[in-house]
Amino acid sequence: MIEVGETTLVSQITGHESTNLTAERYGIHATDLGIMWDDSAGRTFVVFGDTYGPGWRGDGAGTDDDTDWRCNVLAIVAERDLDHGLKIESVIAQDDGMARQILDRDAESVEETVIPCAGIEIDGVHYLHYMSVRNWGPQGKWVTNYAGIAFSRDGGRTWDKPWRSRWINRAEHDHPFQMGAFAQQGEHLYLLGTPNGRWGDTHLARVSTKDILEPSAYEYWTGESWHPKDPFAAKPVFTGPVAELSVLYSTHFGCWLALHLDESKAAIVLRTARELTGPWTDGQVVADGERYPGLYGGFLHPESANGPVIYYAMSRWSPYNVYLMRTTLN
């Protein structure tokens with residue numbers, strides 16, 4: 001059994017006090033998430049959520065000037081020496097060099113924001129799983145219009161959001177695949193999904209890497225077999241509360257690692273399993289809200305696959321920014 005060892009905060013990734021000086025360099029004064037994946041050249045792509053410039057209120061998400069708000073932005077990292085921080089090399093920028101929004105909102109629907117959930121590159125194409133947030137609610141609860149997959153064929157500079165590549169939420173707001181984490185194994189891409197909000201269970205789907213943008217091609221794990229087309233046939237592979245889920249295969253330990261927020265514990269926890277279908281261990285705390293008030297997220301850096309140390313992006317609501325964390329596993 002893997003046991004959690006020491007956790008340390010390596011550096012602040014975003015904001016005025018960050019090692020990257022993102023406020024001055026890219027107009028990123030405040031943001032959250034920090035979902036990471038590698039491209040075929042070994043660079044790490046890092047996508048952030050709601051992002052604010054000089055008009056940021058200074059505490060939590062929000063600005064008094066919507067022109068200063070971007071739903072999401074994308075940064076690129078080449079350096080792999082994570083013990084000295086996550087060093088941003090560039091961003092997908094607008095003409096003035098400031099980070100620009102990569103996934104736009106839908107003009108034709110009621111939508112608060114577009115939040116990325118997972119990213120991966122396969123055969124030179126980048127894919128982003130995202131959720132269309134209809135409205136925010138009480139702590140840890142919100143409603144989505146749908147979950148979707150966007151793609152980029154030009155290294156993340158431009159993105160398409162196909163209408164067909166969406167899982168529409170239903171009136172009960174209980175669709176099991178509204179937030180997601182990607183995991184690739186062989187010829188399949190796996191999608192670990194949760195409902196909107198932070199209190200749901202985790203379900204599992206898979207698809208051929210040739211059909212990632214085709215929801216009708218996905219199969220859903222029932223606990224015994226793969227069921228075609230019907231996401232509501234999926235049974236939980238581990239129970240909630242699960243949010244901001246991140247999954248990768250550790251070649252060092254020979255098992256899958258899953259990191260996520262457990263809202264009931266106010267902590268980011270680690271689970272492990274030999275197979276994606278489970279059984280998964282109970283969550284062990286790697287970072288807790290007593291030490292890091294307002295924490296959430298917990299997105300694994302791909303380098304975490306290669307040794308006994310995991311690195312991950314942790315968000316804090318106040319201040320509203322992202323931090324690189326390091327935890328030793330035994």
Side-chain angles (χ1 to χ4, degrees), residues 11-39 41 43-79 82 85-106 111-121 126-133 148 150-161 244 296-297 299 301-302 312-317 319-324:
S11 66
Q12 184 172 330
I13 299 172
T14 62
H16 282 285
E17 299 176 0
S18 69
T19 54
N20 292 298
L21 300 174
T22 62
E24 297 85 348
R25 294 170 67 196
Y26 307 122
I28 303 174
H29 291 238
T31 191
D32 69 348
L33 304 184
I35 296 153
M36 296 179 276
W37 71 97
D38 280 351
D39 72 356
R43 301 178 303 170
T44 301
F45 283 57
V46 190
V47 65
F48 300 101
D50 286 315
T51 300
Y52 305 97
W56 177 50
R57 294 170 184 164
D59 185 22
T63 175
D64 295 324
D65 179 6
D66 282 352
T67 63
D68 201 27
W69 164 47
R70 290 142 286 172
C71 295
N72 43 75
V73 296
L74 178 60
I76 299 173
V77 174
E79 177 63 55
L82 298 176
L86 188 76
K87 300 176 183 178
I88 294 176
E89 178 182 86
S90 62
V91 298
I92 302 303
Q94 53 198 32
D95 292 342
D96 62 1
M98 299 297 101
R100 66 170 170 82
Q101 182 171 285
I102 59 165
L103 296 183
D104 292 333
R105 289 188 291 169
D106 294 334
E111 186 177 61
E112 181 73 23
T113 187
V114 182
I115 300 297
C117 299
I120 196 168
E121 186 208 64
H126 291 266
Y127 299 93
L128 262 181
H129 186 281
Y130 66 94
M131 60 175 170
S132 165
V133 178
F151 72 95
S152 172
R153 299 187 185 276
D154 58 6
R157 288 183 292 275
T158 61
W159 294 81
D160 291 319
K161 294 166 53 184
E244 287 98 50
Y296 59 104
F299 296 101
H301 188 288
Y312 51 98
M314 177 188 75
S315 301
R316 292 182 65 188
W317 181 254
Y320 182 70
N321 268 299
V322 183
Y323 301 80
L324 181 66

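It should be emphasised that the depicted structure is a prediction, and the values quoted were computed from it without experimental measurement.
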Next on the checklist: Just to verify, which of I88, T22, I13 counts as forming a side-chain contact (heavy atoms from CB on, under 4.5 Å) with I28?
Outcome noted: T22
Next on the checklist: Restricting to non-hydrogen atoms, name the atom on Y26 and the atom on R70 that form the minimum distance, rounded to 0.1 Å.
Outcome noted: O-NH1, 3.8 Å
Item to check | 4.5 Å side-chain heavy-atom contact, S152 and R157 | outcome: no
Checklist entry - In Å and rounded to the nearest 0.5 Å, what is the NE2 to CZ distance from H126 to R153? => result 11.5 Å
Item to check | Considering all heavy atoms, the nearest G49-T31 contact | outcome: O-OG1, 3.4 Å
Checklist outcome for this item: In short, A118 meets I35 closest at the heavy-atom pair CA-CG2, 3.8 Å
Item to check | Side chain to side chain, W56 and T63, heavy atoms closer than 4.5 Å | outcome: no
Checklist entry - Does some side-chain heavy atom of I102 sit less than 4.5 Å from a side-chain heavy atom of V47? => result yes
Item to check | Non-hydrogen atoms of T14 and V322 that approach each other most closely | outcome: OG1-N, 3.1 Å
Item to check | Side-chain heavy atoms of E121 within contact of D38, under 4.5 Å | outcome: no
Checklist entry - To the nearest 0.5 Å, how far apart are OG1 in T44 and NE2 in H301? => result 3.5 Å
Checklist outcome for this item: Between the OG atom in S315 and the OH atom in Y320, the distance rounded to the nearest 0.5 Å is 7.5 Å
Next on the checklist: I'd like to know whether CZ of R57 has more than 12 heavy-atom contacts from other residues, nucleotides or ligands below 6.0 angstrom.
Outcome noted: yes
Checklist entry - Which class fits the ring pair F151 and Y127: parallel under 30°, tilted 30 to 60°, perpendicular over 60°? => result tilted
Checklist entry - If we only count heavy atoms from C-beta on, is the L86 to S11 side-chain gap below 4.5 Å? => result no
Checklist entry - Looking at side-chain heavy atoms only, is the closest gap between D50 and C71 below 4.5 Å? => result yes
Item to check | From H129 atom NE2 to I120 atom CD1, the distance as rounded to the nearest 0.5 Å | outcome: 12.5 Å
Item to check | N72 side chain near Y130 side chain, heavy-atom distance below 4.5 Å | outcome: no
Next on the checklist: Using the rule given for side-chain contact (heavy atoms from CB on, under 4.5 Å), can you reason through W37 versus L128, listing the C-alpha separation, both sets of side-chain angles and the distance that settles it, and then say yes or no?
Outcome noted: CA-CA 10 Å; W37 71 97; L128 262 181; 3.9 Å; yes
Checklist entry - CD of E17: more than 12 outside heavy atoms within 6.0 angstrom? => result no
Checklist entry - Partners of F299 by ring pair (Phe, Tyr, Trp, His ring centres under 6.0 Å), sequence neighbours excluded? => result none
Checklist outcome for this item: For K87 and E79 the tightest heavy-atom approach is CD-CG, 4.1 Å
Item to check | Atom of G34, atom of A313 and distance for their closest heavy-atom approach | outcome: O-CB, 3.4 Å
Next on the checklist: Under 3.5 Å, is there a donor on one side chain and an acceptor on the other for D32 and Y296?
Outcome noted: yes
Next on the checklist: Below 30° counts as parallel, above 60° as perpendicular, anything between as tilted: where do the rings of H16 and H29 land?
Outcome noted: perpendicular
Next on the checklist: As an exercise, state the distance from CZ of R316 to CG of N321, rounded to the nearest 0.5 Å.
Outcome noted: 10.5 Å
Checklist entry - Between R43 (side chain) and I76 (backbone), is there a donor-acceptor pair under 3.5 Å? => result no
Next on the checklist: So, using side chain to side chain donor-acceptor pair (under 3.5 Å) as the criterion, who are the partners of Q12 when residues are at least two apart?
Outcome noted: none
Checklist entry - Are any of the side-chain heavy atoms of D106 and K161 separated by less than 4.5 Å? => result yes
